[in-house]
Amino acid sequence: QSQSDTAATDDGSGLADIVVAAQKRGESLQKTSAAVTSVGGESLVAAGITDLRAAQMLVPSARFQQQNAATEVYIRGVGSTLDYPQVEPSASFNFNGIYIPREAAAVPLFDVDRLEVLPGPQGTLYGRSSLGGAINVSFKRPTREYETNVVGEAGNFGLFHGTIVQNLPIGDNIAIRGGLDYIRNTGYETSGADSKDDFAARLSALYEPNADFTAYVWGYYVTKNGNSPNLLTKGVDPVTGGFSPDTYLNSNPWNDLRSPQIMALPANPFLPPPSVPFARKTDYDNYTLGAQFDVKLGDELTLTYIPSYLDMDVSSDYFLGAYPGNKTDHFDQQTHELRLAGDGERLKWIVGAYAYRARSNGTFFFTFFPVSIVDTHRLQGVAAFGQATLSIADSFRLIAGGRFSYDDRIGTGRAGPALTPYAYARNFKRADFKLGVEYDAGPRTLLYATLQTGYQPGTFNAFPSSPAVDNEVRSAKLTALHLGFKTRLFDNRLQINSEAFYYDYRDLFASAYNTVLNTNQTFNAAKVEIYGNQLDILFRPTSDDQLSLSVGYLHARNKSFDLPPGTVFPGMPTNYDGLQLQYAPDWTISAGYHHDFQLARGYIRAQAYSRFESSFFADFNQTPGGRQKPYTKTDASLTYFAENGRWNAGVWVKNIEDEPVQAATASGSNQPFVPIAASTFLEPPRTFGVRVGLN
């Protein structure tokens, strides 16, 4: 259940039923046998969430964090930290049912109907790259009503954000919807780095000539021209140049500049002279087209076809501490999904076929050293899938599903100072399954258990294979068990959902970039064990009050993980058994509360939301400087809503504590030269502003 959705039942006395599409069909969240977090579009706007990274505050046991132009996603301790063309994330990101590459996921979220997060493997229905979970975003579709929505925001760091959406019905059968979004800020870092100058345009059309056919076509364009974020040095004493955990070079952690005294400290002797960082540009262009065609074949059958095309280019110039870097990426992708769904009284089922072709390339240079050059990369595949729910009795159901996938990957590139060419070619075949049971223990109580598998196709490291070191990365595989219950009590005012899970990963991807050694490699962790529990509580004691609490416990540890021979550098450990996975805090606790003050005309909503995470490490080898200490961040807002719903206005503040929290992080500092320190992106500092909305 969403921790931010605040809609009540029609009489305003209890919690609303939320409809989700986690299983690729509309169903009540409380009757879905999975720990789905669902956040409505109005809640995203009210919380000031304009992109996926900001949604992290609302999702338990998950991290959505900045890695330059890309967004890293970790769900229940599983994710991917290298934003390279040949390394897909371990959790899939989908717009309107279409898979979106990681670098293309960092686009503005506006005019959104719903955001859903599905933890755990989703291999049956979502296939590749859904080993750790899936994130689904649904845009608002055109309607048969004239509608204009405007949102304007201004705040510190020179923030200006504006959104305008127009819906137009055309005749009896066609409606179109268009939207523009622009956001600008002067940069969170002292040099002006980490700024935004982002523009997005979206257009969609809905054609419904009769009750049996629907055509929904949409497309958007996004451009970003702000300054890239610089990686900040963490874990170095600015006076002595020695290791000092949790210390930044300046009293303001977001100050990326370096004083003459800091610049005088020793630097890596194998690198050119360091320089004082300054703001550098990002160039980003993203074109995406998609559609969904639905044909009803009788009362119980629906045929659906979803095609898409995506083209994206990005080039980011930035500083890793006191040294320049450049990252480029290009993606060209098309996908096709055809499925048939049956909705009988006792049997609900879905079968389908999926095909895709993704081409990409990219480079990463650090101080003119080619860390990674992928000249060509092509991943394509086909899959057949199906899932069925059979009602054995009115209160007892069985679930069975499967997917067969075929994926083919090829790649070429150059490596090292000599630009030695390399090549890779592999194909992968995999069958995944899902088995589950559901039992209605009462009118508002669901018990469930599921056993399912998932996989991520193997890939390659960006260097040539040799007799000593192979560039192959084997496929990652997972077997997962979920046990859960969902219930509502006290006349629909109290909701308690809980899910216990156990994950057995084999050959899970483990990646890290070391800025000192200039090594950037993905390894296979032979066996990883993850278990824990997610508890979500919503309580609506009155029609004007709502409380939420989410407690996530996560025990994510390597059981068997040795680095292969030939990849270990002097002083580097070879065994990582028992270590906590990166970005996998043991505890994540979120709590929220809102109260509505009813007025003669309209009402005022006071809302606060706070998130606590226990300590975690940013890389698999637990570099000391990459440890994030436990932290708490709180957001709050005060908003007036007019009685006719035509306008609203309010104030908001995020990260009240002004807490520096690591995002994507590389091990080591080259200046001052401290190999066990870290170079890190940071989440935003304290921000505040005003918002006005017109409907």
Side-chain angles (χ1 to χ4, degrees), residues 61-63 65 67 72-84 86-91 102 131-132 231 234-235 245 371-372 456 458-462 469 471-478 503-531 554-586 613-628 662-668 675-681:
S61 297
R63 292 197 58 77
Q65 57 193 25
Q67 187 178 38
E72 287 185 356
V73 174
Y74 282 80
I75 301 177
R76 291 181 177 173
V78 176
S80 176
T81 194
L82 291 187
D83 56 339
Y84 288 165
Q86 80 279 20
V87 184
E88 295 83 30
S90 301
R102 169 177 41 211
L131 197 69
L231 282 89
K234 177 179 179 290
V371 179
S372 173
Q456 185 170 0
T459 186
F460 59 93
N461 285 300
V469 182
N471 71 358
E472 182 178 10
V473 182
R474 297 184 300 276
S475 296
K477 296 146 310 260
L478 165 66
Y503 300 154
D504 180 4
Y505 284 95
R506 303 300 172 104
D507 290 329
L508 184 65
F509 292 4
S511 307
Y513 172 55
N514 187 308
T515 64
V516 173
L517 300 173
N518 267 330
T519 58
N520 206 20
Q521 192 167 348
T522 298
F523 303 97
N524 288 113
K527 180 176 172 61
V528 172
E529 181 182 69
I530 300 177
Y531 59 83
L554 186 69
H555 182 89
R557 302 292 188 270
N558 294 316
K559 298 295 287 184
S560 177
F561 183 14
D562 291 283
L563 296 189
T567 60
V568 180
F569 294 88
M572 187 177 180
T574 61
N575 179 269
Y576 298 92
D577 292 1
L579 295 190
Q580 180 189 50
L581 270 63
Q582 59 200 55
Y583 302 112
D586 288 348
E613 282 190 310
S614 59
S615 64
F616 60 84
F617 285 90
D619 56 12
F620 69 82
N621 50 0
Q622 297 195 357
T623 302
R627 178 186 178 272
Q628 170 65 50
Q662 294 170 224
T665 304
S667 60
I676 62 172
S679 302
T680 182
F681 294 111

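Counting from 1, the numbers follow the sequence of the chain as shown.
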Under the salt bridge (Lys or Arg N to Asp or Glu O under 4.0 Å) test, residues paired with Asp562 that sit two or more places apart
none

Value for OG (Ser560) from CG (Asp577), rounded to nearest 0.5 Å, stands at 5.5 Å

Verdict with supporting geometry, Lys477 and Asp507, side chain to side chain contact (heavy atoms under 4.5 Å, CB included)
CA-CA 7 Å; Lys477 296 146 310 260; Asp507 290 329; 3.3 Å; yes

Any sub-3.5 Å donor-acceptor pair from Tyr74's side-chain atoms to Gln65's backbone N or O?
no

Could you state the interatomic distance from CG (Leu579) to NZ (Lys559), rounded to the nearest 0.5 Å?
12.5 Å

Evaluate the criterion side chain to side chain contact (heavy atoms under 4.5 Å, CB included) for residue pair Val473 and Phe460; output intermediate values, then yes/no.
CA-CA 5 Å; Val473 182; Phe460 59 93; 5.8 Å; no

What are the two closest heavy atoms between Thr623 and Ile676, and how far apart are they?
CG2-O, 3.3 Å

What I'd like to find out is whether the side chain of Phe616 reaches to under 4.5 Å of the side chain of Gln582, using heavy atoms alone.
no

Closest heavy-atom pair, Lys234 versus Gly625, reported as atoms and distance to 0.1 Å, is NZ-O, 2.9 Å

Only counting residues at least two apart or in another chain, list the ones meeting salt bridge (Lys or Arg N to Asp or Glu O under 4.0 Å) with Arg627.
none

Partners passing side chain to side chain donor-acceptor pair (under 3.5 Å) against Thr515 (at least two apart in sequence or in another chain):
none

Measure across Ser667 and Asp619 and return the closest heavy-atom pair with its distance rounded to 0.1 Å.
CB-OD2, 3.4 Å

Is a donor from one side chain sitting under 3.5 angstrom from an acceptor on the other, for Ser475 and Gln456?
no

Show the nearest heavy-atom pair for residues Pro585 and Ser614, with the distance to one decimal.
CB-O, 3.3 Å

Between Arg63 and Glu613 (salt bridge meaning N to carboxylate O under 4.0 Å), is one present in this structure?
yes

Say whether, by atom type as modelled, one donor and one acceptor occur between the side chain of Arg102 and the main chain of Val87 under 3.5 angstrom.
yes

Looking at Arg557 and Asp586, does any basic side-chain N land under 4.0 Å from a carboxylate oxygen?
yes

Do Gln628 and Phe617 pass the side chain to side chain contact (heavy atoms under 4.5 Å, CB included) test, and can you show the C-alpha distance, the side-chain angles, and the key distance before you say yes or no?
CA-CA 6 Å; Gln628 170 65 50; Phe617 285 90; over 6 Å; no

Do the ring planes of Phe523 and Phe620 sit parallel (below 30°), tilted (30 to 60°) or perpendicular (above 60°)?
perpendicular

Looking at every non-hydrogen atom in both residues, tell me the closest pair between Asn558 and Phe561 and how far apart they are.
ND2-CD2, 3.7 Å

Drop me the distance from Leu554's CG to Ile75's CD1, to the nearest 0.5 angstrom.
12.0 Å

